[in-house]
Participant: 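Once you've had a glance at the structure underneath, I'll fire off some questions.
In the text below, chain A, chain B and the rest are named by the order of the sequence lines, each starting its count at 1. In this text the structure is predicted, and so the values were computed from the model without any measurement. Every heavy atom of this structure was used, including side-chain atoms; hydrogens, water molecules and symmetry mates were not.
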Amino acid sequence: MRGAKGLGWGILGVLSLILLWEGYKLVGPAEGVVVGDDGSAGSGTILLPRTHERAMPHVWDMAARLFESTSGGDSPPLIVSVANAALLTLGIAALGLVIGVTVGMALGLVMQRWRLAEWGLLPWIIVSQTVPLIAFAPVINSIGNQIDRGGTPWPQWLSVAVIASYLAFFPVAVGALRGLESPDRIHLDLMKSYAAGYRTTLLKLRLPASVPHLLPALRLGAANAVLGVVVAEVSIGMRGGLGRMLIQLAGQASGDPAAPWGPIFGSVVLGLIAAGSIAVLGVGLKKYRRGEASA
Amino acid sequence: SSSESEEEPTTSASGTTEDFEPLTSVSLQLQWLPQAQFAGYYVALDQGYFEEEGFTDVEIIPSGGDIVPQDALVAGDVDFAVAWVPKVLGTLEATGVELTDIAQVFHSSGTLQVAWADSGIESVADFEGKRIGSWGFGNEWEIFAAMAAEGLDSTTVEITTQDFSMNALLDGDVDAAQAMTYNEWAQVLEVVNPETGELYQPEDFTVISYEDTEGAMLQDAIWADTARLESDPAYADAAVRFLKAITKGWLYARDNPEDAAAIVYDYAVNAELAYPVGPTHQLWMMNETNKLIWTGDDFGVIDSAAWDKTVAGALSATNQDGLNLITTEPADSAYSNEYIEAALAALEEEGVDVSGDYTEIDVTLTEGGQ
Amino acid sequence: MTVTTPAVRADAVGKVFPTKTGEVTALTDVQLDVAPGEFVSLIGPSGCGKSTLLRLIADLDAPTSGTLEIFGKPAAKARHDQDYGIAFQQAGLLPWRTVGENIGLPLEIHGKDKRQRADRVAELAELVGLTDFVDSHPDQLSGGMQQRVAIARSLAEQPRLLLMDEPFGALDEMTREYLQSELTRIAAETHAAVVFVTHSIPEAVFLSDRVVVMSPRPGRITEIVDVGLPDERDEQLREAPEYYDGVTAVREALHGTTTARPNER
Amino acid sequence: MTVTTPAVRADAVGKVFPTKTGEVTALTDVQLDVAPGEFVSLIGPSGCGKSTLLRLIADLDAPTSGTLEIFGKPAAKARHDQDYGIAFQQAGLLPWRTVGENIGLPLEIHGKDKRQRADRVAELAELVGLTDFVDSHPDQLSGGMQQRVAIARSLAEQPRLLLMDEPFGALDEMTREYLQSELTRIAAETHAAVVFVTHSIPEAVFLSDRVVVMSPRPGRITEIVDVGLPDERDEQLREAPEYYDGVTAVREALHGTTTARPNER
Amino acid sequence: MSAPAVARTLPSWARWVAPIGTGVIGLALWVLYVDVLQAAPLMLPSPIAIGEELVLRWDIIWEDMLITASNALIGLAAGSLIAVMFAAIAATFRPVDGMLAPIVAALAVIPIVAITPILNTMFGASSQFGRQAVAGLTAFIPVFVNVLRGLHQTTPVHRDLFRSIGATGEQTFRKLTFPTALPYLTTGLRIASSLAVISALVAEYCGGPADGIGTAIASYAKSGHAALAWAYVVGGILIGLAFFLVTAALEWWATRRAPA
Ligand SMILES: Nc1ncnc2c1ncn2[C@@H]1O[C@H](COP(=O)(O)OP(=O)(O)OP(=O)(O)O)[C@@H](O)[C@H]1O
Ligand SMILES: Nc1ncnc2c1ncn2[C@@H]1O[C@H](COP(=O)(O)OP(=O)(O)OP(=O)(O)O)[C@@H](O)[C@H]1O
Ligand SMILES: [Mg+2]
Ligand SMILES: [Mg+2]
C-alpha cells in the first residue's frame, strides 16, 4: 500500500523531470542565457543551458534512439547493445563488490579488534579516497598485465574489478568498523559476564549488531562498484562493457546526440539495480534491523 | 615506387631456417578503438595475410582512454604498437627507454584546425589570443610547434580540452577546434545545420592543415622494442614478417577502400563489441587514411626530412605549463628503415606489386555517419 | 561447599578510575559479606558507587585495592564458572533474537545442546510468566515484560548469586511493584543470594533482608540496615507498619549521610 | 476573572485515535475541574490516558468529543495566550542553547526584548537554584538539574497553570524527593494551578490537593482522592501517618481499578 | 573482548605515531617495490621521484591546484545550497520527497565520465562551469540525504514544546528544525567535500579548459612523465585533505552539543 503510493510519487517525480526538460527546451533560448559575453569564443558565464538538439535532445528522441541500430549498418539496436554491455559491467561490478566487501570487512574487523590498527589505518583509508581513480587505474591494469605475463593468468576484467573494489571497500570498512563498535556497553558487559571469548562475542553480538550499519554501507559500496567499473572500463578501454560504449558513443555526440544517452541510462539502471539488490538483502536480514525503527 | 635499399638485413625474412624458433604469435597495440584508421591491420587479419607470413595468432588490441601504446610496448604487454612519433619521442626522453619506429604508415599529418568561415582565423598566426581546442594528452604539440615556428608564444592561446565530440566548435566554445581529416572533420560535416536544414558544408569553415605548416609531425607509425630487435633474432625476424603482412593489408585497403572499410566496421561491431561511427563515416575515414599513407613515397619508409622536421618541431614547442616536449635529439635508434625495406624487398621478390598510387573516391556523408 | 562460605565477601575493596581530569575514587574500603540465599540491597545517591561495586563483584571491572571473593573464589574464576547471573537497568535484550532465544543466550554460549536449552527456556519462561511470548521479539513487549525476560536470562544457568543493577528503574511504579513481588518469589524458589542496586527506599525495604546504605565522595558504606521483615513478602506488607518503619529507618540512614548539595542533583 | 472560573474544566471529554489497526479509545467521558492554584495529580497504569488528557488541556491534540475550557477560554486560545507552562518527562532542552537561553526561549519566541529577558531569566534561575549555571550547556548538567531548567522554562511567562507530564519520572528517588519539595514551594510562590501526571503514589500524595485516579481500556477517571494534607509539605510529612494514609487510600483506589493482567505489564 | 581494555593502556601519543608509522611502512614498501626490486610498471614511480617533482614543479602544480580547488569549492557551495533548499522542500511536502527519491537515487549512480561531456555541451566547454556543475551534482547527494534526515530529527518533545509556546512555523524552523539538522548538514558537507574534489578533478579529465589537476595528471601520465603526474596526484590529495579537514572540523563543532 505505502509502497505503491511511493512508487506513484516516484513516477510522478520522473515525469515532472521530463516535463521540466521538455518545457525548458521549449521556452529556453537555443544558445542558453549567457552573461558577461565579450564576443570572443567561450567567454561569459552560462546561467541557463543551451537547448538545441545537440545539448538537450528531446526525451522521445532519446527513447526512439534506443530502438535504432547502435552504429548503423547491421549493428544491433542500441538497447540490445546497452543491455549486453550492462550485463558484463554488472558481472564485473559484482566481483568488484565482493572483493571490496572482503577487504572492507577484514579492515573493519582488524580496526575494531585493535585500537592501534584503527589509529594506524583509518586516516590512510580516508586519504585513499582522495586519490582519483583515473590516476591509478592504468597502474593496476599494468600490474595486472605484468602478472599475466609472469604466467598467472590475469584477464583485464580482473583489473577492472580490482579498480572498482577500490571505491567499494571504503564505505564497507567504515560501516563495518562503526557497526562492530555499535553494541551497547550493557551487551558487551553481558557477554563478558558469560565469559564469552572474542569469537563468540563477534558472532553472537558484534556481527548481528552491525547489520544496520553494514546495509547502507553495502548499498553505497554496490553503487560505487558500478561507478568504478564504468570509469575503469573507460580508463583501460576494456571491451564489451558500458564504459567503453560511453566514450565510443560520446564520439558521435555531434551528429547523433541522442546516442550517448543510451549507455548513460544503462549505467543509471545498473547502479539502481546494484543498490536495489542490497535492499533485497536487507529484507532477508530484517530481523537484525529491528532496532532501527526506534533509532 | 620501388625499394631503394640493396642491403640485406642481418636477419633474413621468413622461410629461411635460422638458429631460432620463429615467432608465430604477436600482438599489436592500437592507439584508439577499432576504426578504418587501422584498416590495414584488420584487413591483414581478415584476409589471412598474417597466416601467409607464418603467424598463427595475431592479436590487435584497441586502446581506451588511458592506455598509451608506447607504454604497453615498453611494459612488454605487446610486441608492436601504433603511435604518433612526437608522443613517443616525449615518452622516450621522459622515461629513458628505447623504442624504434620501424615503419611510418602515415606519411603526412592528418591534423586540422577547424574554425568557422567568418571567424577571421586563416592561419596559425591568427591563433594568438584565441581559444584553441585540442584533445590534449600529446595531440597539442603540433599546435605549439606551428606557433613556435611562427614565433608565437604558446601561453597567448587558451587551450580547451575537447571531448570526443565536435560540439565545442559548433557551439562557439572554441575559436578553432582540432580535427583529424579522417574522423572529426567528417563528424562536423555529419551535423545538420539548423539554419539550412542540410548538413554543414566544408565552405562553412576555414580549415588549417598542419601538413602545410612547420608544425607538421609524423603520425601513425609502427614501433618496436629497440633492445629486443637487437638481441632477439626471432623478434627481428617477426618484425619483418609482420610489416610484410600489414603492407599487404594496406595495399588491399588502397585498392579496395569500400571492402576494407566494411571489414573494419564488421570486425569492430561483431568481434570487438565496439560501436564506431557508422559505415559511411568509416568509408570516409578509409578514403582519408589512404590519402595520408599513399603520398607517392614507398609504404612505411621513414623520410628522414620529415623525421627531422618532427624532431625540430618537438624541440621548439613548449606547452602552456612552459614545459618542452623534448629537450635533446632522440637517439639514432629511434627510427630504422631496415625492417620495412626488407619487408618491401621480400614482397617484391614474391611478386607483390608495392608500387602504385591511391585513387581518391567520392564519399557522401550522411547525418550521424550511419 | 560449606554453609559458612559467603556468597560475596568484599574485604577493604577500593576502586579508583583514572580519568583525563585526574583520578576518581569511586569506592573506598568496602567491607561486605552476603550470605548464600540472602537478599541485600545497595542504596545511595547517584554516583556513590553502587554500580561500581556490583561490577567489581561481577568481575566486569577489577578493584584497585582489597580482595573480592565469590563463593570463596576470586571474582574472575566465579565469572568463568558462571556462578552468578546479572541483570541491568535496561533489559539489554538482543533485538534480533526472540524472547526464547534471548533467555537461552547464556546456555547457547556455553554450548548446551538444543534439546536441553529448549527445556530450560520453557521452564524459565514459565517462571516469569512469559510462556505465550517465547517467539515474540523484544520490540513487541512492554518494558516490564522485557525486564522479566532479562531476569529469566539471568537465571538461565541456575546461579547461586543474582546481581541486579536497578532492574526496575525504568518501569512505572505499578509494574515495578508487581515485579518486586515476582522477584521475591523467584529468589525464594531458587534459593539464590541477591545483590540488588536500587534508588528506591520502599523497593529496598520491601525486597531485602539487609539494606546497605552508601554515600558518595568517596563511595563507601555508611550503614547497613537490618530490615527484619518476615520472609513472606506480599502486597499486604506494603501497608504494614513494620514496613513503614523499615522505610523510615532507611530514609534516616540515607539522609543522615547525604552530603550532596542541591545544585549538583 | 472571577474566582469561580476554574483553571481547567473538562466536560465529557473523549479522545479516539485512528490507527492502522482500528480506532483506539484513549479517553472517554472525562469530567474534571481544577480550581486556580489547586494542585491535581493524575495517576493510573500505563496507557490509561494521562498524557492524552494533559495534551488535550495543552491543545497539543484536540478532543474528539466534549469540551475543554482553560480559564474559561477554548484550549487553543489559552495556548496562544500562554496561559499555561508545560514540562515533560524528558527535560526537552535544546542542547545547543545555554541554560539561560533555554529558560528564555518562550520569551524570545514572544519577542520580549533582550533586557527584560535577561532579568526574567536571572529571576527564574534563582528560583530553581541554578544561578551559577546559566551559561552552562545542558550536557554539562545532571538529569535533576536539567529537569529544573525545564521547570524554570515552563514558568517563564508566569502562567497561571502548570502542566507537568511525569517531570521527575527519569530521576533517581532522592533527587526526585528534593525536586518534589522544590515544586511545592514554587507552586505556592507562583500561585499557579498544577496538573501533574505521575506513576508514583507517594509522589502524587505528597504533592497534591487532589489525586485523580484513572483506569485504562478505555481511559477514564475512576476516583478522585482528596488528600487533605496541610498546605505546608516538608520532609517531616513523608514520615507522618496522614501521609501513609493518603498513600494507602490512593493505592486502594488504584488497585481496585487495575485490570491489567501481569503479562501485559 | 580485550580490545577496550587494551585501548585504555595505549599511550596517547600512539594516536599520532600509529598513522605516521603506517605511512612510513607504506612508503618503505613502495620504495622497496619500485626502487629496490624494480618490479613496478613505469607508470608507478618511486615516491622519491614524486617528491622531487613536487618540489621542482610546485609552482605550476600550485596554480592547477587553485583552479581545481576553486571549482570544487564553488561546486560544493552551490550543490550544498541547492541540496539544503530541496531538502527543506522535501521535508515540508512529503510528496516532493517521494518525487525526488528516484531522481536522487539516479543522480547518485550517474558516472561522471558520462555526464561531463553533456554538461560541457549544455553549459559551454570553455568555461569551468561544467566542472563546477559536476562537483555540485556529486556534493548535492550526500548533503541532500543528510539534511533531509536531519530535518526529520526533531524529537516529539521539542515539537510539543514549540507548539505549547505558540511558536510560528517560521520560528520553529529557525530555532528548532534548523539547529537540529545542523549536525547532519555538516556531516553531509564532510562527505560531500572529498567527493566534490574528486569529481571536479575527474571532470577536468573529460574536457573543458586545459588546466587543473585532472588535466595535468592525464597529460603527464600519457607522455611518460609518471613522476610529475603523480606529483599532481599528490596535489589533488592535498586539496582533498584540506577540504576534508575543514569540513570535519565544522562537523566536530556542530555535533559538540548534539543530543546523544
Ligand atoms: N568507567 C569510569 N570511568 C571514570 N569514572 C567512573 C567510571 N565508572 C564510574 N565512574 C565514577 O565513579 C563514581 C561511581 O559511579 P557509579 O556508576 O558506581 O555510581 P552509582 O552509585 O551506580 O550511580 P547511579 O545511581 O547514578 O547509577 C561516579 O563518580 C562515576 O563518575
Ligand atoms: N498518537 C497516538 N496514536 C494512537 N494511539 C495513541 C496515541 N497516543 C496515545 N495513544 C493511545 O492512547 C492510550 C493512552 O495513551 P497515553 O499516552 O495517554 O497513556 P498514559 O496514561 O500517559 O501512559 P504512560 O503512563 O505509559 O505514559 C494508549 O493506549 C496509547 O496507545
Ligand atoms: Mg548505577
Ligand atoms: Mg504518559
Participant: Side chain, backbone, both or neither: which part of E:Asp59 has a heavy atom under 4.5 Å from chain B?
Facilitator: neither
Participant: Can you say whether B:Leu323 sits under 4.5 Å from chain E via the side chain, the backbone, both, or neither, judging by heavy atoms?
Facilitator: side chain
Participant: Rounded to the nearest 0.5 Å, what's the gap from SG on E:Cys206 to CD on B:Gln162? Could you check?
Facilitator: 14.5 Å
Participant: In Å and rounded to the nearest 0.5 Å, what is the CG to OG1 distance from E:Asn120 to B:Thr161?
Facilitator: 9.5 Å
Participant: What are the two closest heavy atoms between B:Ala94 and E:Gly224, and how far apart are they?
Facilitator: CB-O, 3.6 Å
Participant: Find the one option among E:Gly207, E:Ala221, E:Pro45, E:Ala125 whose heavy-atom pairs under 4.5 Å with chain B are most numerous.
Facilitator: E:Ala125
Participant: What part of E:Ala227 gets within 4.5 angstrom of chain B, counting heavy atoms only: side chain, backbone, both, or neither?
Facilitator: neither
Participant: Within a 6.0 Å radius of atom CZ on E:Phe86, are there more than 12 heavy atoms belonging to other residues, nucleotides or ligands?
Facilitator: no
Participant: Please report the interatomic distance OG(E:Ser219) to CH2(B:Trp135), rounded to the nearest 0.5 Å.
Facilitator: 14.5 Å
Participant: Going from CG on B:Asp163 to OG1 on E:Thr121, what distance comes out if it is rounded to the nearest 0.5 angstrom?
Facilitator: 6.0 Å
Participant: Let me know if E:Tyr205 has heavy atoms under 4.5 Å from chain B in its side chain, its backbone, both or neither.
Facilitator: both
Participant: How about OH on E:Tyr33, more than 12 heavy atoms from neighbouring residues, nucleotides or ligands closer than 6.0 Å, or not?
Facilitator: yes
Participant: So for atom CH2, which belongs to E:Trp62, do other residues, nucleotides or ligands contribute more than 12 heavy atoms lying within a distance under 6.0 Å?
Facilitator: no
Participant: Identify which part of B:Asp66 has an atom lying under 4.5 Å from any heavy atom of chain E, answering side chain, backbone, both or neither.
Facilitator: both
Participant: Given heavy-atom pairs under 4.5 angstrom as the criterion, report whether the side chain, backbone, both or neither of E:Ser223 touches chain B.
Facilitator: backbone
Participant: Checking heavy atoms, do the side chain of B:Val97, its backbone, both or neither come under 4.5 Å from chain E?
Facilitator: side chain
Participant: Determine the option with the most heavy-atom pairs under 4.5 angstrom with chain E, choosing from B:Asp71, B:Val68, B:Asp171, B:Thr91.
Facilitator: B:Thr91
Participant: Could you tell me which non-hydrogen atom of B:Gln70 sits nearest to which non-hydrogen atom of E:Lys222, and how far apart they are?
Facilitator: NE2-O, 4.1 Å
Participant: Could you check whether any side-chain N or O of B:Thr160 sits under 3.5 Å from a backbone N or O of E:Pro209, counting only pairs where one atom can act as donor and the other as acceptor?
Facilitator: no
Participant: Measure E:Pro41 against the heavy atoms of chain B and call it side chain, backbone, both or neither at under 4.5 Å.
Facilitator: neither
